Novice: 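There's a structure below that I have some questions on.
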Number of protein chains: 4
Amino acid sequence: MEKKSVPSLVKDQQLILKRREQIIKGAVRLFIEKGFHRTTTREIAKESGFSIGTLYEYIGTKEDVLYLVCDAIYEEVTERLKKQLYTSGSAVERLEAAIRAYFTVIDSMQDEVLVMYQETKSLPKETLPYVLKKEEEMAAMMEEMVSACNQEGVFQFTDKEQKLFTHNLLVAGQMWTFRRWAIRKHFTLDEYIALQIKNLLKRE
Amino acid sequence: MEKKSVPSLVKDQQLILKRREQIIKGAVRLFIEKGFHRTTTREIAKESGFSIGTLYEYIGTKEDVLYLVCDAIYEEVTERLKKQLYTSGSAVERLEAAIRAYFTVIDSMQDEVLVMYQETKSLPKETLPYVLKKEEEMAAMMEEMVSACNQEGVFQFTDKEQKLFTHNLLVAGQMWTFRRWAIRKHFTLDEYIALQIKNLLKRE
Amino acid sequence: MEKKSVPSLVKDQQLILKRREQIIKGAVRLFIEKGFHRTTTREIAKESGFSIGTLYEYIGTKEDVLYLVCDAIYEEVTERLKKQLYTSGSAVERLEAAIRAYFTVIDSMQDEVLVMYQETKSLPKETLPYVLKKEEEMAAMMEEMVSACNQEGVFQFTDKEQKLFTHNLLVAGQMWTFRRWAIRKHFTLDEYIALQIKNLLKRE
Amino acid sequence: MEKKSVPSLVKDQQLILKRREQIIKGAVRLFIEKGFHRTTTREIAKESGFSIGTLYEYIGTKEDVLYLVCDAIYEEVTERLKKQLYTSGSAVERLEAAIRAYFTVIDSMQDEVLVMYQETKSLPKETLPYVLKKEEEMAAMMEEMVSACNQEGVFQFTDKEQKLFTHNLLVAGQMWTFRRWAIRKHFTLDEYIALQIKNLLKRE
DNA sequence: TATGAATGAGAATTCATTCAT
DNA sequence: AATGAATGAATTCTCATTCAT
């Protein structure tokens, strides 16, 4: 599936990329602080470093900004993850490393991840699938590693169990940001990672 | 901690309760459909069955409606849960029954639960703690049952592990609504419950 | 000219008078504090000691309250003044005593007088003449005393000069409240009275 | 004391001045007709010749309009006065000319002056001093001329008497507008000026 | 007579979007 | 391409007034 294209009045593709990067950077800051709805387009323009008129040269509606932002965040999370994913060692060792990397990436982007999840529902309807796509991609990457463990006999998962395991694993990461108010009373990041890994990798 | 009191111009306490019920009912419907920010106070009034003026006899701000709604949903979830919580049998049996009940309640209120989690961040700052309080209360209820299992030797959890276990359990429930777009491709509710329980209750 | 009659749903004339007194008392307090426009009918009702429904049993519109208030204040000023007006002595002595009395009365009712003058323009159009009537009555009283002085040869005023003199005299009193922010930097009430009298009574 | 600055979203300072002039002109017309409180921001926008949105590009609150209006009126009165103030001749002649000028200016701006005095109390609290400042400035100008007369032996005023004289003089002017309903029954402007001057300049 | 809940027109203000320069 | 002034629909909230009890 291709990316949803956001309309722009500007021709120069290079410039579009550059300006949209500015927009995303500015908007993320603002969305983190006050959320999508409480942020005005004027503020986004200002924070991006240009005028409201210019902003609208690069987007069609305010919602487009949200799409750009969510897309960018997902992109970065998956990108960063991919880079750290393929280590050597046994299947379990690689899975463990992947989980660790995943949790770490999420922690280092907690505010962004939070925005992404909280504002997802405000995305323009047509774009939602494009964003969820990314999530599925990430899930697929993880599931592959789980599958490897399964094949090496580390787990004896049915298909469904494997799906669920992967799902729980992803959720555990997201929860580190989403429920931080509850979690951080009890765990440091390292503790959280260690315990979740211990829990996930325990066999029957 | 007492409930946050929402200001009303009306004196009749009975009536306040009745009208607020109407408000909550109407608002939930709208929030489910379009979210808090996209719902106008006029729509809330209309959906509640009275005029905008009357709405403001029973609340101070639009945000008060959100508080009423979130509070009511949490209340109902915990209420329903409590009713089903204390069955007989061994500690594990009771825990399993509780988990089952929890997942079932959440499923039957999925839209409401979704609203609650997605709009929490829009709550007036002073009221957030009052709402989170409910969540903690529920967590405490669950943790107690986990603790019983621990004491009966079903688990050998450290304190932290017990906390994490409870946390994961609660999250597993919420995810049934929060990530339904992903989960329901693969599981029915019963499957989801069965597998999560199997996973949670497996010993080392 | 008769008083403008304010419509009431209640028959008992005695009761009407009593309730309106309450209304006036309450409203004056509020008008002094926040002015007519910023005061709500609800507040007036509360301050008067009864419900909004009852308030509307005794008035037709919010503006009626303003009329009642202005009328009452004028009434009281003239009443108080009349009581102190007719002393013995020569015409000048009597005039001087009257001026003194006038300034003193105004000082003791400064807030009320201020309200009266500041809100006059908000009076329902038909009632304005009724209120100004009081002012003219007061002016007439004063002018009579000035006229006596004139006849005794204290002044040699033409008709117009006599009018103007009286007018200036009345204004001097009102200014004690109206421009108090400027005047009180420089004068105490006694100084102000003394100097104005000296100035007014000086002959050519 | 600097002028209070009213916030604007527009950058072009020239334009701000132009638009605010439009606003003031439109608002004065409306305030004269119906007073500040009965005038809506929409009416102000319309009368100013632009949309409600544009109005709010040049002011922060409705009250800002009142401040702009009052400030502008005071400004114009003092400006006009200053221009006519310094004639030649003896101190008394100059004072007399000043008084005449003052009364004439006020007469030619009677509606505006009326607005200014009647709505002063509705000014945002922080701005009141800025407006009164203008009044004091005008008083100072006048007092200077009175003082000159005093030095030339026209009067034998103590400091306080001089203050009071100036004050009475200013008030006499304002009353021409403020109590016009009463005054104009008896005097034309010329008569009023002549008699007040005669009265003011009479020596002991 | 007294009450106070209900009403809804109307008010101030905001903000996404457009468009002339 | 960039700017930012202009627009006006939409939004929240208020408050004088009514009317059933």
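The structure displayed is predicted, hence computed values, not measured ones. Reckoned from all heavy atoms, side chains included, excluding hydrogens, waters and symmetry mates. Numbers restart at 1 for each chain; the letters A, B, ... are given by sequence-line order, proteins then strands.
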Novice: Tell me every residue that passes side chain to side chain donor-acceptor pair (under 3.5 Å) with B/Asp71, counting only those two or more places apart in sequence or in another chain.
Specialist: B/Lys3, B/Lys134
Novice: Whole-Å distance between E/dA12 C1' and D/Glu63 CD?
Specialist: 11 Å
Novice: What stem regions, each of at least 3 consecutive Watson-Crick or G-U pairs below 3.5 Å, can be found for DNA chain F?
Specialist: E:2-21 with F:2-21
Novice: Identify, with sequence neighbours excluded, every residue that meets side chain to side chain donor-acceptor pair (under 3.5 Å) alongside B/Glu33.
Specialist: none
Novice: Could you check if a side-chain atom of A/Ile32 sits within less than 4.5 angstrom of a side-chain atom of A/Leu114, using non-hydrogen atoms only?
Specialist: no
Novice: Got a second to check how far B/Leu128's CG is from B/Leu123's CG, nearest 0.5 Å?
Specialist: 6.0 Å
Novice: Hey, which sits more toward the 5' end of DNA chain F by its nearest nucleotide, D/Glu57 or B/Tyr56?
Specialist: D/Glu57
Novice: Are there more than 12 heavy atoms of other residues, nucleotides or ligands under 6.0 Å from atom NZ of D/Lys4?
Specialist: yes
Novice: Looking at DNA chain F, which of residues 21-36 of chain A put a heavy atom within less than 4.0 Å of it?
Specialist: none
Novice: Rounded to the nearest Å, what distance is computed from the CG atom of residue C/Leu55 to the P atom of nucleotide F/dT17?
Specialist: 10 Å
Novice: Can you check the D/Glu43 CD to E/dG10 C1' distance for me, whole Å?
Specialist: 11 Å
Novice: Considering just the side-chain nitrogens and oxygens of C/Thr54, establish if one lies under 4.0 Å of OP1 or OP2 belonging to E/dA2.
Specialist: no
Novice: Please collect all side chain to side chain donor-acceptor pair (under 3.5 Å) contacts where either partner lies in residues 11-30 of chain B, sequence neighbours excluded, each pair once.
Specialist: B/Arg19-B/Gln22, B/Arg29-B/Glu47
Novice: Let's see if you get this right: which residues in residues 5-19 of chain C place a heavy atom under 4.0 Å from DNA chain E?
Specialist: C/Val10, C/Lys11, C/Asp12, C/Leu15, C/Arg19
Novice: Would you list the pairs meeting ring pair (Phe, Tyr, Trp, His ring centres under 6.0 Å) in which at least one residue belongs to residues 5-35 of chain C, sequence neighbours left out?
Specialist: C/Phe31-C/Phe36
Novice: Find every protein N or O atom lying less than 3.5 Å from an N or O atom of nucleotides 9-11 of chain F, and list the pairs.
Specialist:
from, atom 1, to, atom 2, distance (Å)
F/dA10, N6, D/Arg42, NH1, 3.4

Novice: Expressed in angstrom and rounded to an integer, what is the separation of A/Lys46 atom NZ from F/dG4 atom C1'?
Specialist: 14 Å
Novice: I'd like to check the side-chain contact (heavy atoms from CB on, under 4.5 Å) partners of B/Lys121; sequence neighbours left out, ordered by chain and number.
Specialist: A/Gln118, A/Glu119, A/Lys121
Novice: Taking the nucleotide of DNA chain E with the closest heavy atom to each, which residue, B/Ser51 or A/His37, is nearer the 5' end?
Specialist: B/Ser51
Novice: How would you list, by chain and number, every residue that makes a side-chain contact (heavy atoms from CB on, under 4.5 Å) with B/Ser51, sequence neighbours excluded?
Specialist: B/Thr54
Novice: Just so I know, are the side chains of A/Tyr58 and A/Val6 near enough to count as touching, which here means a heavy-atom distance under 4.5 Å?
Specialist: no
Novice: Using the test side-chain contact (heavy atoms from CB on, under 4.5 Å), find all partners of A/Thr41 that sit at least two apart in sequence or belong to another chain.
Specialist: A/Ile52, A/Leu55, A/Tyr56, A/Lys62
Novice: Applying side-chain contact (heavy atoms from CB on, under 4.5 Å), name anything that partners B/Leu9, two or more places apart in sequence or on another chain.
Specialist: B/Glu57, C/Arg42
Novice: So, does A/Tyr58 get its side chain near the phosphate of F/dA2, meaning an N or O under 4.0 Å from OP1 or OP2?
Specialist: yes
Novice: Hey, are the side chains of D/Val28 and D/Val115 touching, using non-hydrogen atoms and a 4.5 Å cut-off?
Specialist: no
